[in-house]
Amino acid sequence: MKLVFATNNAHKLDEVRQILGPTFEVISLAETGCHDDIPETADTLEGNALQKAHWVKEHYGLDCFADDTGLEVTALGGAPGVHSARYAGNHDSEANVDKLLRELEKKSDRSAQFRTVVALLLDGKELLFEGTVKGEILKERRGTGGFGYDPVFMPEGTGLSFSEMGPEKNSISHRARAVNKLAEYLKSL
Ligand code: IMP
């Protein structure tokens with residue numbers, strides 16, 4: 001089965017291709033000839049994932065899936081959430097992490113979760129799959145791997161930040177959990 005993944009993020013494509021395995025041919029946006037900067041203007045992860053998937057369906061006529069992820073911090077009322085990429089500025093991870101650490105300086109509750117929503121449009125149906133991973137925000141950065149908020153996020157029961165993990169991040173991550181649910185659904189068809 002061929003499926004378009006509405007992303008041009010190489011890291012995400014690799015991760016998703018690994019999870020879905022050889023039964024599914026995952027095609028990137030660029031490979032479909034779409035180089036658009038797809039709008040993400042909804043105020044929820046669900047809304048953004050659906051917005052991206054519908055964009056591809058409406059403009060290119062292709063069934064597809066799209067994802068959106070946010071870091072939800074309890075003491076900040078769920079922020080940065082849907083605004084995670086632009087929390088402190090324009091896709092600047094360093095500034096985003098600095099702002100998060102500053103906002104949490106005087107808070108005792110450092111619990112947080114990553115949440116990914118995957119929206120699938122297939123054969124006239126619209127489905128959502130969610131993956132979460134709970135953990136806490138460290139007081140300072142640890143590790144060198146990963147991206148985004150990885151250096152300061154420690155998943156429950158691991159003792160390591162996402163940045164200190166190798167490929168095992170991909171087996172427990174929010175995105176992996178959501179994509180595994182997508183895979184289960186597709187395999188059940
Ligand atoms: P996106 O929806 O996957 O583009 O994610 C939005 C923002 O959330 C990114 O710009 C990152 O800052 C953050 N983010 C998403 N996934 C991860 C992750 O696995 N680790 C760390 N940060 C992430």
Side-chain angles (χ1 to χ4, degrees), residues 5-19 26 28-30 36-56 64-73 76 78-104 110-120 128-138 140-156 158 160-180 182:
F5 181 16
T7 188
N8 277 324
N9 177 324
H11 165 89
K12 285 189 191 173
L13 265 172
D14 270 0
E15 195 177 317
V16 165
R17 281 179 174 145
Q18 268 177 34
I19 294 170
V26 179
S28 72
L29 273 185
D36 310 351
D37 196 7
I38 303 179
E40 292 181 50
T41 53
D43 56 7
T44 59
L45 300 177
E46 287 79 2
N48 272 342
L50 283 167
Q51 188 178 22
K52 287 187 265 188
H54 279 289
W55 175 278
V56 172
C64 66
F65 63 96
D67 73 323
D68 200 36
T69 295
L71 175 65
E72 300 174 334
V73 180
L76 303 179
V82 71
H83 305 295
S84 293
R86 294 178 183 80
Y87 190 38
N90 191 17
H91 287 89
D92 181 343
S93 290
E94 284 299 302
N96 287 341
V97 169
D98 284 343
K99 179 170 177 185
L100 178 64
L101 293 178
R102 245 184 356 257
E103 295 286 330
L104 286 178
R110 303 186 69 92
S111 65
Q113 68 171 9
F114 270 114
R115 188 163 73 90
T116 293
V117 174
V118 169
L120 171 70
L128 293 173
F129 304 91
E130 183 189 80
T132 59
V133 58
K134 290 187 190 303
E136 67 181 80
I137 306 300
L138 295 166
E140 53 199 32
R141 292 171 170 84
R142 274 170 42 183
T144 53
F147 70 103
Y149 298 91
D150 278 351
V152 293
F153 183 81
M154 183 169 73
E156 250 174 14
T158 64
L160 294 174
S161 76
F162 263 162
S163 284
E164 291 175 309
M165 294 183 184
E168 64 266 33
K169 177 193 166 190
N170 291 346
S171 57
I172 62 163
S173 84
H174 40 295
R175 201 161 19 256
R177 287 176 177 165
V179 174
N180 272 317
L182 168 72

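In listed order, ligands and their atoms are each counted from 1.
- For F153, no heavy-atom contact with ligand 1 is shorter than 4.0 Å.
- The side-chain heavy atoms of V179 and E15, taken from C-beta on, include no pair separated by under 4.5 Å.
- The single protein non-hydrogen atom nearest to atom 17 (C) of ligand 1 is F147 CZ, 3.4 Å, given as residue, atom name and distance.
- Scanning the protein heavy atoms around atom 5 (O) of ligand 1, the nearest turns out to be T69 O, 3.6 Å.
- Taking only nitrogen or oxygen atoms, main chain and side chain alike, H174 reaches within less than 3.5 Å of ligand 1.
- Not one N or O of S93 is nearer than 3.5 Å to an N or O of ligand 1, by distance alone.
- When only interatomic distances are considered, the shortest N/O to N/O separation between R175 and ligand 1 falls below 3.5 Å.
- From L50, atom CG reaches atom CG of L45 across 11.0 Å, with rounding to the nearest 0.5 Å.
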- Quick one: do V16 and F65 satisfy side-chain contact (heavy atoms from CB on, under 4.5 Å)? Show the steps, please. CA-CA 11 Å; V16 165; F65 63 96; 3.7 Å; yes
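- Nearest to atom 10 (O) of ligand 1 among the protein's heavy atoms is A85 CB, 3.4 Å.
- Exactly one of D150, N170, L160 qualifies for a side-chain contact (heavy atoms from CB on, under 4.5 Å) with M165. That residue is L160.
- Ligand 1 has D68 within reach: a non-hydrogen atom of the residue lies less than 4.0 Å from it.
- Set against the non-hydrogen atoms of S84, the atoms of ligand 1 under 4.0 Å away are 7 (C), 8 (O).
- A donor-acceptor pair under 3.5 Å is absent between the side-chain atoms of D68 and the main chain of N48, judged by distance alone.
- Not a single heavy atom of Y87 sits under 4.0 Å from any atom of ligand 1.
- Residue E40 has no nitrogen or oxygen atom sitting less than 3.5 Å from a nitrogen or oxygen atom of ligand 1, judged on distance alone.
- The pair K52-D36 does not count as a salt bridge, with every side-chain nitrogen at least 4.0 angstrom from each carboxylate oxygen.
- Within a 6.0 Å radius of NZ in K12, other residues, nucleotides and ligands contribute more than 12 heavy atoms.
- Between Y149 and ligand 1, at least one pair of N/O atoms sits closer than 3.5 Å.
- By the 4.0 Å N-to-carboxylate-O rule, R142 lies close enough to E164 to be salt-bridged with it.
- The ligand atoms of ligand 1 that sit less than 4.0 angstrom from a heavy atom of K169 are 18 (C), 19 (O), 20 (N).
- A salt bridge links E46 with R115: the distance from a Lys NZ or Arg NE/NH1/NH2 to an Asp or Glu carboxylate oxygen falls below 4.0 Å.
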- Task: Report the C-alpha distance between Q51 and T41 in whole Å, list the side-chain angles of each, state the deciding distance to 0.1 Å, and finish with yes or no for side chain to side chain donor-acceptor pair (under 3.5 Å).
- Result: CA-CA 8 Å; Q51 188 178 22; T41 53; 2.9 Å; yes
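- The closest protein non-hydrogen atom to atom 20 (N) of ligand 1 is D150 OD1, 2.5 Å.
- For ligand 1, the atoms lying closer than 4.0 Å to a non-hydrogen atom of K12 are 1 (P), 3 (O), 4 (O).
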